[in-house]
Engineer: 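Got a structure for you, written out below as structure tokens; questions coming shortly.
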Amino acid sequence: MEKLRREKEQYADADLCEGSNMTWGEWLDRWLEEIMAPAVRPTTLKNYRDYINRYVTPRLGGKQIAKVTARDVQKLYREVQEHGRAEEHPVYGHRLSAATVRSLHGVLHQAMDKAVEERLIAKNPTEEVTIPKKEVREKKILNDEQLERFMDTIRKDEAWFDFFYTEITTGLRLGEICGLMWQDFDAEKRTLSVRRTIHTEEGGELTAGDTKTEQGRRTIMLPPSTAELLRQRQHHSEQWIFPNLLHPDRPVTPGKAYAQLKKLLREADLPDIRFHDLRHTFATHALTSGVDAKTLSGILGHTKASFTLDTYTHVTGDMQKKAAEIVGSFMSKIAM
């Protein structure tokens with residue numbers, strides 16, 4: 001009761017503008033169209049709109065925005081997590097995953113921060129709610145023996161060998177490798193500039209957009225073998241390094257590359273990993289081979305080296321253990 005009383009009092013003396021009497025649904029629509037539409041990718045805007053229309057508007061869209069409380073938001077999260085999925089999922093049933101609820105929270109937090117800025121509400125009600133813990137997805141890494149089998153399999157596929165060899169030696173994101181153009185490759189310096197990423201829009205249309213983060217725009221040094229491979233295929237196409245096999249004037253589609261990976265994995269009798277796990281495989285093998293985290297962070301386009309270390313704690317932990325054993329062995333020899 002005390003918490004509810006404080007929530008009511010926070011609006012009592014607030015200096016709000018006339019727009020504070022609009023509904024939450026009206027504000028969220030305005031936020032999407034006027035503020036987010038010019039600032040984010042069409043696919044991102046669509047995802048935001050889907051979250052709001054599917055989970056928020058039917059439950060709280062008609063409530064006055066200035067009266068939406070943390071208790072309302074907490075109840076919303078609880079309801080959608082338990083019953084938010086319209087069609088039953090084989091794993092979750094009608095429950096939403098923790099990741100989906102966290103994404104919904106991220107959208108609403110942004111929207112309500114802007115509402116505070118425009119004096120529609122006194123305080124962001126999403127700041128005082130509890131959200132589900134982040135689910136840590138297991139990284140599936142191809143070990144040395146599996147990676148060797150994968151390499152043997154892609155060597156038999158003339159149409160896709162260059163693509164997957166480049167991927168396994170650079171760790172690029174799927175959209176990034178699909179978006180590579182010949183202007184990004186410097187054969188003399190053996191560098192590759194990552195400048196764009198390919199997105200598949202609704203209806204199957206491809207668009208080239210900015211990389212995931214500002215750090216995503218990067219120039220990486222290629223292994224000699226990869227640089228030579230790209231140099232030899234430069235005459236294959238005029239614009240895209242990896243063009244669509246049927247339409248060379250277009251880039252290969254992320255969906256086609258993903259489907260080809262699954263086919264190759266079946267042929268090699270390997271675990272059914274995601275495309276992103278090829279990136280994890282590259283990073284893991286790079287770290288265990290002695291590449292330092294800061295250098296690897298730059299290659300992968302991570303915002304900070306600390307993120308790289310946190311992402312690959314399973315590797316760095318083993319490396320620390322190995323280092324401790326080496327130091328211990330060295331010190332014991334000195335003591336003797």
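Scope of the values below: all heavy atoms of this structure, side chains included, with no hydrogens, waters or symmetry mates.
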Engineer: Any ion pair linking D186 and R190 (charged N to carboxylate O, less than 4.0 Å)?
Structural biologist: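 So R190 does not pair with D186 through a salt bridge.
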Engineer: Looking only at atom types and distance, does a side-chain atom of R279 sit under 3.5 Å from a main-chain N or O of L300, one as donor and one as acceptor?
Structural biologist: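 Yes; at least one donor-acceptor contact below 3.5 Å.
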Engineer: Given side-chain contact (heavy atoms from CB on, under 4.5 Å), test I273 with L265 step by step and report yes or no.
Structural biologist: CA-CA 8 Å; I273 64 173; L265 291 170; 3.6 Å; yes
Engineer: Over 60° means perpendicular and under 30° means parallel, so tell me whether H276 and H280 are parallel, tilted or perpendicular.
Structural biologist: perpendicular
Engineer: Begin with the C-alpha distance, continue with both residues' side-chain angles, and end with the deciding distance and a verdict on side-chain contact (heavy atoms from CB on, under 4.5 Å) for I299 and F282.
Structural biologist: CA-CA 11 Å; I299 295 172; F282 163 78; 3.9 Å; yes
Engineer: Do L192 and I241 have side chains that approach each other closer than 4.5 Å (heavy atoms only, starting at C-beta)?
Structural biologist: yes
Engineer: Salt bridge check, R30 against E118: does any charged N sit closer than 4.0 Å to a carboxylate O?
Structural biologist: yes
Engineer: Can you check whether R233 reaches W182 side chain to side chain, under 4.5 Å on heavy atoms?
Structural biologist: yes
Engineer: Has D152 got more than 12 heavy atoms of other residues, nucleotides or ligands less than 6.0 Å from its CG?
Structural biologist: yes
Engineer: In Å and rounded to the nearest 0.5 Å, what is the CG to CG distance from L142 to L278?
Structural biologist: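 If we round to the nearest 0.5 Å, L142:CG and L278:CG are 6.5 Å apart.
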Engineer: More than 12 foreign heavy atoms under 6.0 Å from CD of E158: is that the case here?
Structural biologist: no
Engineer: Would you say R149's side chain and D144's backbone share a donor-acceptor pair under 3.5 angstrom?
Structural biologist: no
Engineer: Can you tell if the side chain of W160 reaches within under 4.5 Å of the side chain of I154, non-hydrogen atoms only?
Structural biologist: no
Engineer: Answer whether the closest heavy-atom distance between the side chains of T191 and I220 falls below 4.5 Å.
Structural biologist: no
Engineer: In the structure I gave you, are the side-chain heavy atoms of Q64 and W24 within less than 4.5 Å of one another anywhere?
Structural biologist: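 Not in contact.
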Engineer: Would K139 and Y312 satisfy side-chain contact (heavy atoms from CB on, under 4.5 Å), going step by step from the backbone distance to the final call?
Structural biologist: CA-CA 9 Å; K139 296 176 183 63; Y312 298 102; 4.3 Å; yes
Engineer: Taking R196's backbone N and O only, do any of them form a donor-acceptor pair with E176's side chain (distance below 3.5 Å, no angle check)?
Structural biologist: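 A pair under 3.5 Å: no.
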Engineer: Taking all atoms of both residues into account, what is the closest heavy-atom pair of P132 and A98, and its distance?
Structural biologist: CB-CB, 3.6 Å
Engineer: Looking at D72 and K75, is any side-chain nitrogen of the basic one under 4.0 Å from a carboxylate oxygen of the acidic one?
Structural biologist: no
Engineer: Please examine the side chains of K304 and S297, heavy atoms only from C-beta on, and report whether any two atoms are closer than 4.5 Å.
Structural biologist: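 Side-chain contact under 4.5 Å: no.
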Engineer: State, with a plain yes or no, whether a side-chain heavy atom of D162 is found less than 4.5 Å away from one of E167.
Structural biologist: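 Side-chain contact under 4.5 Å: no.
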Engineer: Can we say R274 and D277 salt-bridge, meaning some charged N sits less than 4.0 Å from an Asp/Glu carboxylate O?
Structural biologist: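 Salt bridge present between R274 and D277.
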Engineer: Would a distance-only check, ignoring hydrogens and angles, find a side-chain to backbone donor-acceptor pair under 3.5 Å from T226 to L222?
Structural biologist: no
Engineer: Students often mix this up, so state it plainly: with edges at 30° and 60°, are the rings of W31 and Y48 parallel, tilted or perpendicular?
Structural biologist: parallel
Engineer: Around K63, counting heavy atoms of other residues, nucleotides and ligands shown, do more than 12 lie under 6.0 Å from its NZ?
Structural biologist: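 For K63, atom NZ is crowded (more than 12 foreign heavy atoms under 6.0 Å).
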Engineer: Regarding K123 and E128, does a basic nitrogen lie under 4.0 Å from an acidic carboxylate oxygen?
Structural biologist: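 Here K123 pairs with E128 in a salt bridge, since their nearest N and O are under 4.0 Å apart.
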Engineer: Using side-chain contact (heavy atoms from CB on, under 4.5 Å), reason through V101 and Y55 one step at a time and then give a plain yes or no.
Structural biologist: CA-CA 10 Å; V101 178; Y55 305 126; over 6 Å; no
Engineer: Counting only N and O atoms by type, is there a donor-acceptor contact under 3.5 Å from the side chain of R102 to the main-chain atoms of K133?
Structural biologist: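 Here the side-chain-to-backbone pair does not exist.
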Engineer: What I want to find out is whether K262 reaches E267 closely enough, with some N-O distance under 4.0 Å, to be called a salt bridge.
Structural biologist: no
Engineer: For F242 together with F163, are the ring centres under 6.0 Å from each other?
Structural biologist: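 Between F242 and F163, which both carry aromatic rings, the centre distance is below 6.0 Å.
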Engineer: If I compare all heavy atoms of P58 with all of I52, which pair ends up nearest, and what's the gap?
Structural biologist: CD-O, 4.2 Å
Engineer: For I65 and A115, which heavy atoms make the closest approach, and how far apart are they?
Structural biologist: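 Between these two residues, the closest heavy atoms are CD1-CB, 3.9 Å.
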Engineer: Is the number of heavy atoms from other residues, nucleotides or ligands under 6.0 Å of E228 CD greater than 12?
Structural biologist: yes
Engineer: Any side-chain heavy atom of W240 sitting closer than 4.5 Å to one from D249?
Structural biologist: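 In short, these two side chains do not touch, never coming nearer than 4.5 Å.
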Engineer: Ignoring hydrogens and geometry beyond distance, is a side-chain donor-acceptor pair present between T100 and S97 at under 3.5 Å?
Structural biologist: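 Yes, a side-chain donor-acceptor pair sits under 3.5 Å.
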